[in-house]
Engineer: 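Below is the structure I would like to discuss, written out as structure tokens.
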Protein chains: 2
Amino acid sequence: MTSMTIGKIARLAGVGIETIRFYERTGLIDEPPRRESGYRQYPEETVARLRFIKRAKELGFTLREIKELLELRIDPNTTCEDIRHRAEAKISDIEEKIRTLERMKEALMKFTLACNGRGPISECPILEAMEDENNDASVDADGDTNT
Amino acid sequence: MTSMTIGKIARLAGVGIETIRFYERTGLIDEPPRRESGYRQYPEETVARLRFIKRAKELGFTLREIKELLELRIDPNTTCEDIRHRAEAKISDIEEKIRTLERMKEALMKFTLACNGRGPISECPILEAMEDENNDASVDADGDTNT
DNA sequence: CTTGACTCTGTAGTATGGTACGGGCCTTAT
DNA sequence: ATAAGGCCCGTACCATACTACAGAGTCAAG
């Protein structure tokens with residue numbers, strides 16, 4: 001069986017060495033066996049696991065959620081449906097973020113259209129809109145966007 | 001002229017006391033004069049400024065960007081156009097984020113549709129898609145979404 | 001056998017936007 | 001006058017996902 005150093009799996013998976021050690025600390029990947037010298041010796045599967053993490057991150061899952069997915073995956077009682085639920089919940093998360101961003105964009109566009117780009121800032125409708133306490137720039141539906 | 005304690009302007013502006021001190025530390029609001037006792041004494045305008053910050057945040061500006069807006073606002077050379085450029089740039093930011101989220105959503109939906117919700121996880125198309133190095137879950141156009 | 005690349009540990013720092021806490025004065029109302 | 005609440009400062013902490021660095025040991029090629 002092949003086993004690789006941390007640098008090698010980092011290269012193969014396309015992540016940094018420090019990232020792998022970080023994932024180990026946070027329990028996303030198992031502690032690998034060590035050589036006598038203390039060097040980590042990774043089995044090939046670790047590369048797949050790192051790639052899984054990377055892909056899940058690209059799909060919008062947080063490391064915490066990815067950890068849960070990985071735990072679900074080894075639990076024999078997990079069904080395909082459980083996984084689908086996670087995916088659907090994440091789709092809802094994403095949709096909510098999109099809606100919030102759309103509301104921000106609409107508000108900004110409204111202000112921007114009102115601004116002809118000329119004149120002093122004392123009359124800038126964009127600044128006025130932000131200063132004015134009585135306009136509906138209230139966009140944060142539930143206070144979670146990106147921050 | 002009226003002047004208020006930190007607790008009062010916090011209530012009026014709808015932010016926390018600690019937040020105001022944090023904004024002071026980071027230069028978003030000026031250091032106010034103090035009483036003999038050391039108590040901060042805020043002029044009324046500070047409430048408007050805090051509300052401006054709040055609203056700009058809701059529109060998707062970061063504190064750094066808000067600081068820039070506030071600096072632009074006091075610069076006599078700033079034109080309405082400068083402000084409009086900021087707003088337009090922010091609209092572009094937001095659009096980019098939306099696009100990235102849409103791509104994530106599409107990918108997740110594709111996987112989810114392929115999953116009938118039955119069967120063991122060993123055959124779950126969602127997990128398979130994430131494990132497989134050769135599918136196009138590559139969603140991160142430029143690596144900045146929400147993280 | 002040497003040298004350069006690699007790996008080890010532990011700690012600290014990055015960015016973002018705050019929040020919390022402790023110990024000690026200050027203010028204000030009763 | 002006294003008690004409750006407000007405010008002071010400095011520091012540390014929250015989540016998120018890493019990244020950097022120092023100082024020391026290890027490995028492999030030439």
Side-chain angles (χ1 to χ4, degrees), chain A residues 3-29 31-42 46 50 52-70 90 93 97 100 140 142-147, chain B residues 3-29 31-42 46 50 52-70 90 93 97 140 143-147:
Chain A
S3 80
M4 291 168 287
T5 62
I6 195 168
K8 193 154 185 197
I9 60 157
R11 242 173 291 125
L12 289 172
V15 301
I17 288 174
E18 303 286 358
T19 303
I20 295 174
R21 288 202 276 251
F22 171 73
Y23 287 168
E24 183 183 316
R25 279 203 298 284
T26 50
L28 271 163
I29 59 173
E31 288 187 40
R34 306 286 188 115
R35 290 199 200 175
E36 300 248 312
S37 62
Y39 277 31
R40 290 169 180 81
Q41 276 187 305
Y42 291 98
T46 305
L50 287 170
F52 178 93
I53 295 169
K54 208 178 168 190
R55 205 160 300 273
K57 254 163 41 79
E58 284 166 2
L59 291 169
F61 291 93
T62 64
L63 292 187
R64 174 180 301 275
E65 289 162 345
I66 293 167
K67 199 177 167 188
E68 284 167 14
L69 281 177
L70 288 166
K90 182 50 64 183
D93 282 2
K97 281 182 181 166
T100 302
D140 249 354
D142 66 0
D144 173 33
T145 307
N146 60 332
T147 65
Chain B
S3 82
M4 292 169 285
T5 61
I6 195 169
K8 192 154 185 196
I9 60 157
R11 244 174 290 125
L12 288 173
V15 301
I17 289 174
E18 304 285 358
T19 303
I20 295 174
R21 287 203 277 250
F22 171 73
Y23 286 169
E24 184 182 317
R25 278 202 298 284
T26 49
L28 271 163
I29 59 174
E31 288 187 41
R34 305 287 187 115
R35 289 198 200 178
E36 300 248 314
S37 62
Y39 278 31
R40 288 170 180 81
Q41 275 187 306
Y42 291 97
T46 306
L50 287 170
F52 178 92
I53 294 169
K54 209 179 166 192
R55 205 161 300 274
K57 255 163 41 79
E58 286 166 2
L59 290 171
F61 291 94
T62 64
L63 293 187
R64 175 181 299 276
E65 288 162 345
I66 294 167
K67 198 176 167 189
E68 284 167 14
L69 282 177
L70 290 165
K90 183 49 66 182
D93 282 1
K97 281 182 182 168
D140 248 357
D144 173 34
T145 305
N146 59 334
T147 62

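Throughout, protein chains are lettered first and strands after them, A, B, ... in sequence-line order, and every chain is numbered starting at 1.
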Engineer: Mind calculating the distance between NZ (A:K97) and P (D:dT16) to the nearest angstrom?
Structural biologist: 11 Å

Engineer: Within the 4.0 Å heavy-atom criterion, would you say A:T62 contacts the bases, only the backbone, or no part of the nucleic acid?
Structural biologist: sugar-phosphate

Engineer: Grab the CD1-P distance between A:I6 and C:dC6 for me, whole Å please.
Structural biologist: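 Going from CD1 in A:I6 over to P in C:dC6 covers 13 Å.
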
Engineer: Measure from CD1 on A:I17 to C1' on C:dC6 and round the result to the nearest Å.
Structural biologist: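 So the CD1-C1' distance, A:I17 to C:dC6, works out to 8 Å.
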
Engineer: Remember a base hit wins even if backbone is also touched, and classify B:T5 as base, sugar-phosphate or nothing at under 4.0 Å, heavy atoms.
Structural biologist: sugar-phosphate

Engineer: Under a 4.5 Å cut-off applied to non-hydrogen side-chain atoms, are B:L70 and B:I29 in contact?
Structural biologist: no

Engineer: So which of A:E31, A:E24, A:M4 actually passes side chain to side chain contact (heavy atoms under 4.5 Å, CB included) with A:R40?
Structural biologist: A:E24

Engineer: Is the shortest side-chain N/O distance from A:K8 to OP1 or OP2 of C:dT7 below 4.0 Å?
Structural biologist: no

Engineer: With sequence neighbours excluded, tell me which residues meet side-chain contact (heavy atoms from CB on, under 4.5 Å) with B:R35.
Structural biologist: B:T5, B:S37, B:Y39, B:Q41

Engineer: Do any side-chain nitrogens or oxygens of B:Y23 fall under 4.0 Å of OP1 or OP2 in C:dG18?
Structural biologist: yes

Engineer: Looking at residues 31-42 of chain B, who's got a heavy atom less than 4.0 Å off DNA chain C?
Structural biologist: B:R35, B:S37, B:Y39

Engineer: Give every pair of a protein N or O atom and an N or O atom of nucleotides 10-12 of chain D that lie under 3.5 Å apart, one pair per line with the distance.
Structural biologist:
none

Engineer: Sequence neighbours excluded, which residues qualify as side-chain contact (heavy atoms from CB on, under 4.5 Å) partners of A:K67?
Structural biologist: A:L28, A:E71

Engineer: Just to confirm, is there a sub-4.0 Å distance from OP1 or OP2 of C:dG18 to any side-chain nitrogen or oxygen of B:K57?
Structural biologist: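 Yes.
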
Engineer: Please report the closest heavy-atom contact between B:I17 and B:G7, naming both atoms and the distance.
Structural biologist: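 What the structure gives for the nearest pair is CD1-CA, 3.8 Å.
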
Engineer: Would you name the heavy atoms of B:A10 and B:G16 that are closest together and state the gap between them?
Structural biologist: CB-C, 4.1 Å

Engineer: Give the rounded distance in Å between these two atoms: CD1 of B:I29 and C1' of C:dG17.
Structural biologist: 14 Å

Engineer: Starting at CD of A:E24 and ending at P of C:dG10, how long is that distance when rounded to a whole Å?
Structural biologist: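 Answer to the nearest Å: 11 Å.
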
Engineer: Can you tell me how far P of C:dT19 sits from CD1 of B:I20, to the nearest Å?
Structural biologist: 11 Å

Engineer: Check whether NZ of the Lys or CZ of the Arg B:K90 lies under 6.0 Å from the centre of the six-membered ring of B:F61 and within 45 degrees of that ring's axis.
Structural biologist: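 So B:K90 does make the cation-pi contact.
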
Engineer: CD of B:E65 versus P of C:dA15: gap in Å, rounded?
Structural biologist: 15 Å

Engineer: Can a side chain N or O of B:T19 be found less than 4.0 Å away from OP1 or OP2 on C:dT19?
Structural biologist: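 So the side-chain polar atoms of B:T19 do come within 4.0 Å of the phosphate oxygens OP1 or OP2 of C:dT19, strictly under.
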
Engineer: With sequence neighbours excluded, what pairs up with A:R21 under the salt bridge (Lys or Arg N to Asp or Glu O under 4.0 Å) test?
Structural biologist: A:E18

Engineer: Write down the distance between NZ (B:K67) and C1' (C:dA15), rounded to a whole number of angstrom.
Structural biologist: 15 Å

Engineer: For A:K54, give me all partners under salt bridge (Lys or Arg N to Asp or Glu O under 4.0 Å), at least two apart in sequence or on another chain.
Structural biologist: none

